[in-house]
Protein chains: 2
Amino acid sequence: MTVIAPPQGLTIAEASERTGLTTHTLRYYERDGLMLRGVGRTSSGHRVYTERDLTWVRMLTRLRATGMPIREVKAYAALCRQGDGNETERLALLQNHRARVLSQLAEVTEHLGAIDNKIGIYQSALERAET
Amino acid sequence: MTVIAPPQGLTIAEASERTGLTTHTLRYYERDGLMLRGVGRTSSGHRVYTERDLTWVRMLTRLRATGMPIREVKAYAALCRQGDGNETERLALLQNHRARVLSQLAEVTEHLGAIDNKIGIYQSALERAET
DNA sequence: GCTTGACTTCGAGTGCGCTCGAAGCGTCAG
DNA sequence: CTGACGCTTCGAGCGCACTCGAAGTCAAGC
């Protein structure tokens with residue numbers, strides 16, 4: 001019967017829809033300690049997602065989408081959870097990640113260039129064949 | 001006792017060194033049908049890698065490094081193995097892959113931008129803190 | 001008051017791509 | 001002749017990130 005999300009809160013189904021993650025994955029992330037804090041519950045135990053939760057999930061999604069392993073996201077979440085005073089560590093973690101992503105982008109781009117060459121070879125072979 | 005590579009051939013250890021793949025991985029690729037043709041053997045059954053084999057392994061590495069799944073590499077290998085006449089399919093496969101890689105690059109780049117913003121925020125927060 | 005269905009927890013299962021270990025053999029230095 | 005080494009095959013195991021299924025609960029509509 002459609003759980004009514006309490007004022008300002010979203011059900012897990014709504015959170016799923018807005019983040020593009022499945023409800024399974026959202027629960028898994030919470031279980032695994034990737035959320036900033038445990039997600040709130042209604043009196044009946046249903047999850048209530050706030051906008052802050054969604055904002056965090058979106059950040060988390062960016063980290064994951066750029067290849068940060070779960071365990072490192074977890075470490076970052078732990079730092080944020082701890083509160084003020086460790087900004088230097090958080091910054092270092094993100095900069096580290098940034099460097100890795102950049103070098104991976106460069107690598108992929110280089111490989112792509114070689115693949116493009118191959119594509120070019122097939123294309124001109126086919127052109128020659130059809131004349 | 002150091003297997004003497006036959007004229008123009010390389011042992012799996014040498015192939016490993018030149019490709020950066022472990023001998024385990026090289027054997028696994030062959031087992032799994034990713035090689036163009038089975039790698040040659042000496043009379044005693046040891047693998048003999050030719051330059052052509054290495055060239056193929058390097059292509060294969062590029063495909064893998066850009067995220068092509070093993071099963072698709074296998075499909076591409078099968079097309080090449082089949083010989084002339086399916087260049088259109090090979091081209092389509094590569095172009096398809098190229099498109100996926102490009103959109104993935106774009107996505108990662110976009111996420112990276114957001115992460116960069118976060119980094120900027122931490123940096124200016126830290127600067128403000130130390131004055 | 002009963003059915004419905006979206007939620008809950010828990011733990012097991014899946015797919016991918018390696019990665020590793022065990023057991024055996026062939027060749028050569030000593 | 002012996003021992004060591006580097007290969008061989010085969011099959012099992014692993015790490016990651018989900019993904020799924022089962023069994024139960026709870027609130028609302030009929």
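- To the nearest angstrom, C1' of dT8(C) lies 14 Å from CG of L26(A).
- Side-chain contact between H111(A) and M59(B) is absent, with no heavy atoms from C-beta onward closer than 4.5 Å.
- Contacts of A78(B) classified as side chain to side chain contact (heavy atoms under 4.5 Å, CB included), with partners at least two apart in sequence or in another chain: R81(B).
- Between the CG atom of D32(A) and the P atom of dC16(D) there is a distance of 11 Å, rounded to whole Å.
- Of the candidates dC26(D), dT27(C), dT9(D), dT27(C) carries the atom nearest the S44(B) side chain, counting heavy atoms from C-beta on.
- Here the side chain of S43(A) is nearest to one of dC7(C), dC7(D), dA27(D), namely dA27(D).
- dC16(D) atom P lies 13 Å from atom CG of L34(A), rounded to whole Å.
- Under 4.0 Å is where a charged nitrogen must lie from a carboxylate oxygen, and between R100(A) and E72(A) at least one such pair does.
- To the nearest angstrom, C1' of dG11(C) lies 14 Å from CZ of R27(A).
- Here T11(A) reaches the OP1 or OP2 of dC7(C): one of its side-chain N or O atoms lies under 4.0 Å away.
- We find that NE2 of H46(B) is positioned 6 Å from C1' of dG26(C), with the value rounded to whole Å.
- Here R41(A) pairs with E30(A) in a salt bridge; the nearest charged N to carboxylate O distance falls below 4.0 Å.
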Evaluate the side chain to side chain contact (heavy atoms under 4.5 Å, CB included) criterion for residues Y49(B) and I12(B): first the C-alpha distance (whole Å), next the side-chain angles of each, then the deciding distance (0.1 Å), finally the verdict. CA-CA 7 Å; Y49(B) 286 84; I12(B) 193 169; 3.7 Å; yes

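- Taking only side-chain nitrogens and oxygens, R47(B) comes nearer than 4.0 Å to OP1 or OP2 of dT9(D).
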What one-letter contact string describes nucleotides 13-24 of chain C from 5' to 3', where B marks a base within less than 4.0 Å of any protein heavy atom, S marks contact via sugar-phosphate atoms alone, and - marks no contact? ---SSBBB----

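- When the C1' atom of dA6(C) is taken as reference, atom OH of Y49(A) falls 14 Å away, rounded to whole Å.
- The side chain to side chain donor-acceptor pair (under 3.5 Å) test applied to R98(A) returns D116(B), not counting sequence neighbours.
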